[in-house]
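As the structure is a prediction and not an experimental result, all values here were calculated from the model.
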There are 2 protein chains.
Amino acid sequence: MEVAKKTRAPLTRERVLRAAVDLADERGIDALTMRALGQELGVEAMSLYNHVKNKADILNGIVDAVCGEIVAAVDEVDPPEEPAGWKPVLRTRILTAREVLLRHRWAPALLESLADIPPSLIAYYDGQIGLMREGGFSLDLAHHALHALGSRGLGFTQELFVQEDSEVDPTVMAMMLQQMAGRYPHMADMMKIVAHDPESTLGGCDDQFEFEFGLDVILDGLDRLREANWQLPAHS
Amino acid sequence: MEVAKKTRAPLTRERVLRAAVDLADERGIDALTMRALGQELGVEAMSLYNHVKNKADILNGIVDAVCGEIVAAVDEVDPPEEPAGWKPVLRTRILTAREVLLRHRWAPALLESLADIPPSLIAYYDGQIGLMREGGFSLDLAHHALHALGSRGLGFTQELFVQEDSEVDPTVMAMMLQQMAGRYPHMADMMKIVAHDPESTLGGCDDQFEFEFGLDVILDGLDRLREANWQLPAHS
DNA sequence: ACCTGAACACCGTTCAAGT
DNA sequence: ACCTGAACACCGTTCAAGT
């Protein structure tokens, strides 16, 4: 009767990474320290080094895990039934990737900080390129398209205008706007619009709407270049 | 003869921030520690707290300084002579901002990590909005345009495909491509193109070209929406 | 008012020692 | 083979003490 043995599953690289993802999801990437992770697994921090090279290895590992999640989710998206279907399908794939990333808010920034692209993403981009090729893109145009999409092609954009969850007193807010209107009239106008738009939750923008808007601007633009048989402009 | 007094300029917040920018430029943002910064200024780390609240204050300060540099550089760009000039002028302003950021490689990532947009950028965005408004954009469309441009509107995109300065043996490279071609044929094709393109330095992409390509896709797309009198689609 | 040295609470990581 | 405890070199920051 070896009951005691079963109380704790054996530590593996797999289990360490899974715990790391959970910890980052729940308490933020800054809370992911070797000591905290060890505690989560009922073990001293130093034991982790038996299953993982170092902290950088963990960070690479959890990003790769999320990318694997993306690839799996995107694989479920139905392929286009005709060549012209590349656009809606690509759009859906990107929005699917976005859903995964919204479950792991720490992932985008970490992904950008990595030296190399996670190997699991090769499958993702191979699919994107394939869609465009079958839709009539030259290899060249498909290449530039990937760059033009940038991180949007993976489902995220780092928002520069952060949601100030403005607990600001409305009268104080009005005064600030008044003052700003002198020097920065256009900015003041825009802030008024944003705050008053019934569509957006008061005091912020609808991230999902803005993401899709920008995505469509790019996809439509690429479609037009494909239609016009875009080629590298002659260089001097 | 107070010679000794002049050997060291008095420490000020201004001087601390300037030294911090220089240190980050020269040795990277990770090398910017309180102790290293103190040493650079010939002072103990703890003295810095007399002129600066804490490290977060320094990070906010140096990002704000860079943004101020952007605003100053962009102010030199000539305004359009006719409403239709909004596009080339906006384009030039963005590429000007990009030049500043290329001198401070650490700035984009830090900017994205900040809670709030630096106050010095209000002037920048006020100018961008003004250009679009005079060019015929509705306030609404100008707002979505800012989101669609995202960080590109400030002159940068976090590149996901990092320049592997591939010191890879060509024959090894050929083998890798061969192996990849089986599972990921489109990706393999693209890597061949990129490596062989005479325009790009071998083994990488031309970041500046890709930036301008993506920027033009977006600007052209926005122009078309303006022309078509884009309006918010009716919602259910 | 400004600067200093010692100290504290945290990191990631190494290493010799245990089982 | 796996885990542990003590230790090391680094952080940012506090605080009492100096001038």
Sorted by position of nearest nucleotide on DNA chain D, 5' first, the leading residue of A:A45 and A:R35 is A:A45
**Report entry** Short side-chain donor-acceptor distance under 3.5 Å, B:D25 and B:W106
**Finding:** yes
A:L37 atom CG is separated from C:dT13 atom P, nearest whole Å, by 12 Å
In whole angstroms, the gap separating P of C:dT14 from CE of A:M46 amounts to 12 Å
A:L11 atom CG is separated from C:dT19 atom P, nearest whole Å, by 20 Å
Here the distance between atom C1' of C:dC10 and atom CG of A:L32, to the nearest Å, is 15 Å
From CD of B:E44 across to C1' of D:dT14 the rounded distance in Å is 16 Å
dist B:R152:CZ -> B:L154:CG (nearest 0.5 Å) comes out at 13.0 Å
Looking only at C:dT13, C:dC3, D:dC2, the nucleotide nearest the B:V43 side chain is C:dC3
Residue set satisfying side chain to side chain donor-acceptor pair (under 3.5 Å) with B:Y125, at least two apart, ordered chain then number -> none
_With no hydrogens and no angle check, just 3.5 Å: does a side-chain donor-acceptor pair link A:H186 and B:Q128?_
no
### Message
Are B:L146 and A:M190 packed together at the side-chain level, in the sense that at least one heavy-atom pair is separated by less than 4.5 angstrom?
### Response
yes
Under 4.0 angstrom between A:H51 side-chain N/O and D:dC3 OP1 or OP2: yes
note: A:R13, atom CZ; D:dA1, atom P; distance rounded to Å ~ 19 Å
Verify the contact: side-chain N or O of A:Y49 to OP1 or OP2 of C:dT13, cut-off strictly under 4.0 Å; return yes or no. yes
When rounded to whole Å, the CG to C1' distance for the pair A:L48 and C:dT14 reads 15 Å
Out of C:dG5, C:dG12, D:dT13, minimum distance to the side chain of A:M34 belongs to C:dG12
Next item on the list: State whether B:F156 and B:R98 meet the cation-pi test: NZ (Lys) or CZ (Arg) under 6.0 Å from the six-membered ring centroid, and within 45° of the perpendicular axis.
Entry: no
From NZ of A:K55 across to P of C:dC10 the rounded distance in Å is 15 Å
> When you check the phosphate oxygens OP1 and OP2 of D:dC2, does a side-chain N or O of A:S47 lie under 4.0 Å from one of them?
Replying inline: no
Stem ranges of DNA chain C by first residue number, counting only runs of at least 3 Watson-Crick or G-U pairs under 3.5 Å, come to C:4-8 with D:12-16, C:12-16 with D:4-8
Worksheet entry | Under 3.5 Å donor-acceptor, A:K55 side chain and A:L32 backbone | yes
Exercise. Looking for any heavy atom pair under 4.0 Å, which part of the strands does A:T33 touch: base, sugar-phosphate only, or nothing?
Worked result: sugar-phosphate
